[in-house]
Amino acid sequence: MTYDIAALRSRFPALAAGTAHFDGPGGTQTPEPVIRAIADALAQPLSNRGRITLGERNAERIVTGARRAMADLLGADPSGIVFGRSATQLTYDFSRTLARTWSPGDEVVVTRLDHDANIRPWVQSGATVRWADFDPKTGELTVDALRAVLSERTRLVAVTAASNLIGTRPDIPAMARVAHDVGALLYVDGVHHTAHSLVDLEELGADFFVCSPYKFLGPHHGVLAARPELLETLRPDKLLPSTDAVPERFELGTLPYEFLAGTTAAVDFLAEQLDPDATGTRRERLTAGFAALEAHEHVLRGRIDEGLAALDGITVHSRAADRTPTVLLTFDHHDTADAYGFLAERGVQAPAGAFYAVEASRHLGLGDTGGLRVGLAPYNDTEDVDRLLTGLADFLKT
């Protein structure tokens, strides 16, 4: 297992600007092969999908390739990969479709830990809403907390695989089991999780799993993975002449072919660059690559944790035993927005806010303000971390 951080960083044109990026949870920088794939898709003949003209065949090849790439990344069936404008849009679409199958008095469960994109679509679905709370002292969302709000009327449980605010990774397989025990479906927000750990849809037990390629080095759009046989049972709104085939029946309008080409390139980049010595199928190389990435991020997270512990006047709200390399900070005598600006002036990008996880921020006692979020991405190195810690130390002196 090798992780050549210098070689990896050289593939990201944006890093030449000199900024130390800790804003990965909001969206990563883009490697050159992804940029080139998007440009190449637009430079070649391209038209609506088909099999007659070159432009049609190019579009078909791009879509088919992107489904296979995302299936390899998520341990899913390519026929169960649905593309959309964003994870939020996909969740709204599926909430409306699923709500038609429910009756008055049916219930959905949402959690205080989640991004609002996996809360509000279900709250607004018309079902009775039950809330599962996490422990603000530990950041943990337990299976017992979920079990306590389940009933025979629960039709769906919506939960994050990793909090985009504090990094907590709940035990999704265990939550899937208790949800399925009462006959409920499990809808998992994997937007933050997918950037840090290799996903296996079957191992997680998720019925639906959504993610966003721009969080793992790709372009801006959303992806949903589900079993094709489950998708076959759902009847979304669609245009009369559009296909009723799965997964296309859920994809409204013409797909962004150039972005799908970029998504395939992002998955290939992860398979090839995280562990350049890895061999085998793309899925096997992704497995090795994510192991190398997790080891790299573990070291950097430890360096951040140690550095923060040496600074007075900081409260760390990311405390779960199992969490992504994401840290939420507040300060005893300073505003987090001021810290954001101070660091930005010194070439360190660590934004402040609640980042749409408003329920989590409020549950932590931070209102809608949130905190300063520090998140790692594959291209971060020890120099980035040292610049961050030096910047925070200097800020606390102001």
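Computed over heavy atoms, backbone and side chain alike; hydrogens, waters and symmetry mates excluded.
The local environment of OH in Tyr356 is sparse, with at most 12 non-hydrogen atoms from other residues, nucleotides or ligands closer than 6.0 Å. Within 6.0 Å of CG in Asp144 there are more than 12 heavy atoms belonging to other residues, nucleotides or ligands. Sparse packing is recorded around CD of Glu383, with 12 or fewer heavy atoms of other residues, nucleotides or ligands lying under 6.0 Å away. Counting non-hydrogen atoms of neighbouring residues, nucleotides and ligands closer than 6.0 angstrom, the CZ atom of Arg61 exceeds 12 such neighbours. Heavy atoms of other residues, nucleotides or ligands lying less than 6.0 angstrom from CD of Glu202 number 12 at most.
Taking CG of Leu364 as the start and CZ of Arg112 as the end, the distance is 12.0 Å to the nearest 0.5 Å. The distance from the OH atom of Tyr214 to the OG1 atom of Thr28 is 9.5 Å, given to the nearest 0.5 Å. Note that the CG atom of Leu274 and the CD1 atom of Ile5 stand 9.5 Å from one another [nearest 0.5 Å]. Once rounded to the nearest 0.5 Å, the distance linking CZ of Arg67 with CG of Leu260 reads 8.0 Å. Distance check, rounded to the nearest 0.5 Å: CD of Glu294 to OG1 of Thr324 gives 10.5 Å. We find the OG1-CG distance between Thr382 and Leu300 to be 7.0 Å, quoted to the nearest 0.5 Å.
Side chain of Arg282 to backbone of Asp268: no donor-acceptor contact under 3.5 angstrom is found.
Checked for salt-bridge contact, Asp200 and Arg283 meet the test: a charged N lies under 4.0 Å from a carboxylate O.
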For residues 180-191, run the donor-acceptor check on the side chains, cut-off 3.5 Å, and write out each pair with its distance to 0.1 Å, sequence neighbours left out.
{"residue": "His180", "atom": "ND1", "partner": "Ala176", "partner atom": "O", "Å": "3.2"}
{"residue": "His180", "atom": "NE2", "partner": "Asp207", "partner atom": "OD2", "Å": "2.8"}
{"residue": "Tyr187", "atom": "OH", "partner": "Thr91", "partner atom": "OG1", "Å": "2.8"}
{"residue": "Asp189", "atom": "OD1", "partner": "Val191", "partner atom": "N", "Å": "2.9"}

Name each donor-acceptor pair under 3.5 Å that joins a side chain in residues 39-50 to protein atoms two or more places apart or in another chain, with its distance.
{"residue": "Ser47", "atom": "OG", "partner": "Glu56", "partner atom": "N", "Å": "3.0"}
{"residue": "Arg49", "atom": "NE", "partner": "Glu60", "partner atom": "OE1", "Å": "3.0"}
{"residue": "Arg49", "atom": "NH2", "partner": "Glu60", "partner atom": "OE1", "Å": "3.4"}
{"residue": "Arg49", "atom": "NH2", "partner": "Glu60", "partner atom": "OE2", "Å": "3.3"}
{"residue": "Arg49", "atom": "NH2", "partner": "Glu248", "partner atom": "OE2", "Å": "3.3"}

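Ser197 is listed as a side-chain neighbour of Arg169, based on a closest heavy-atom distance under 4.5 Å. Counting heavy atoms from C-beta outward, Asn164 and Arg373 have side chains that approach closer than 4.5 Å. Two residues are said to be in side-chain contact when any heavy atoms from C-beta on lie closer than 4.5 Å; Val109 and Trp122 fail this criterion.
The heavy-atom pair separating Leu165 from Ala360 by the smallest distance is CD2-CB, 3.9 Å.
A cation-pi arrangement is absent between Arg11 and Phe269 under the rule of less than 6.0 angstrom and at most 45 degrees off the ring axis. A cation-pi geometry, defined here as NZ or CZ lying under 6.0 Å from the six-membered ring centre and within 45° of its normal, holds between Arg346 and Phe342.
Residue pairs satisfying the ring-ring contact (aromatic ring centres under 6.0 Å, His included) criterion with at least one member in residues 57-89, sequence neighbours excluded, are listed as follows: Phe83-His221.
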| Taking it one step at a time, do Thr330 and His317 satisfy side-chain hydrogen bond (donor to acceptor under 3.5 Å, both in side chains)? | CA-CA 8 Å; Thr330 54; His317 299 274; 2.8 Å; yes
